[in-house]
Amino acid sequence: MTLTQELQVILFKPQASIDLEGGKALSQQMAGVVPQAHQLWVIDLAEVTFMDSSGLVPLVKGLKAARQSGCRLVLCNVQAPVRLILELTQLDSVFEIFHTYEDIFTTVKDNSLVLAG
């Protein structure tokens, strides 16, 4: 008997700004997904051109919720202004950050990464 665990990807694509308002919208989106083990949560920041400190809250809360449920949360397509905020707060060392959406899966396949539990 062979058991195969397929990776279930949950994609979040916030737009424009992750500030107090945008952060609330992202929090509501993430709260609407029931985290399950073996999910991969991807926050694609390609269309986010601004983030302030209040925008960090939903990202950190999302990461915490994902980890507690055995999920993996990653960021991709991080634009320069957002990357700066992540670097200034040293959260760039807490989050897994990929250049593109495709890079996530190339790395997963190449390194045979399994979800951290």
Side-chain angles (χ1 to χ4, degrees):
M1 181 173 129
T2 306
L3 177 64
T4 305
Q5 177 64 52
E6 286 297 318
L7 194 63
Q8 183 185 6
V9 178
I10 309 294
L11 177 62
F12 300 97
K13 290 190 73 146
Q15 298 175 326
S17 299
I18 302 181
D19 49 14
L20 190 58
E21 277 307 302
K24 283 180 185 176
L26 181 58
S27 286
Q28 288 172 346
Q29 266 192 332
M30 288 196 288
V33 177
V34 178
Q36 299 173 0
H38 306 295
Q39 283 179 336
L40 172 63
W41 287 17
V42 177
I43 302 178
D44 186 341
L45 298 171
E47 297 179 35
V48 176
T49 54
F50 175 80
M51 182 167 69
D52 63 14
S53 57
S54 61
L56 294 171
V57 174
L59 293 181
V60 173
K61 281 185 174 178
L63 181 63
K64 184 178 177 188
R67 285 184 173 168
Q68 287 175 340
S69 303
C71 297
R72 182 172 166 214
L73 183 144
V74 301
L75 307 178
C76 68
N77 293 315
V78 181
Q79 304 304 305
V82 176
R83 184 173 289 277
L84 181 62
I85 293 289
L86 293 171
E87 289 172 358
L88 288 172
T89 56
Q90 297 184 345
L91 287 172
D92 60 324
S93 62
V94 174
F95 286 95
E96 285 184 83
I97 301 174
F98 294 87
H99 288 290
T100 67
Y101 182 77
E102 291 76 22
D103 285 351
I104 298 166
F105 302 100
T106 304
T107 304
V108 168
K109 287 178 190 157
D110 290 351
N111 298 333
S112 300
L113 289 180
V114 181
L115 295 172

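Note: hydrogens, waters and symmetry copies are ignored here, and every other heavy atom, side chains too, is used. These numbers were taken from a predicted model, which means no experiment stands behind them.
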- Message: Under the ring pair (Phe, Tyr, Trp, His ring centres under 6.0 Å) definition, can you give me all pairs with a residue in residues 43-64, not counting sequence neighbours?
- Response: none
- Item | Listed partners of Phe12 passing ring-ring contact (aromatic ring centres under 6.0 Å, His included), at least two apart | Trp41
For the student: nearest non-hydrogen atoms of [X] and [Y], plus distance:
X     : Y     : answer
Gln36 : Cys71 : O-SG, 2.9 Å
Thr89 : Ile85 : OG1-O, 2.8 Å
Asp44 : Pro14 : O-CD, 3.5 Å
Leu59 : Met51 : CD1-SD, 3.7 Å
Pro58 : Ser54 : CD-O, 3.4 Å
Leu20 : Asp52 : N-OD1, 4.3 Å

- Do Gln79 side-chain atoms and Asn77 backbone N/O form a donor-acceptor pair below 3.5 Å? yes
- Message: Side chains of Met30 and Ile43, heavy atoms from C-beta outward: is any pair under 4.5 Å?
- Response: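 Side-chain contact under 4.5 Å: yes.
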- Query: Heavy atoms, side chains only, cut-off 4.5 Å: are Leu63 and Arg67 in contact?
  - Reply: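 Answer yes - side chains close enough.
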- Item | salt bridge (Lys or Arg N to Asp or Glu O under 4.0 Å) contacts in which one or both residues fall within residues 15-40, not counting sequence neighbours | none
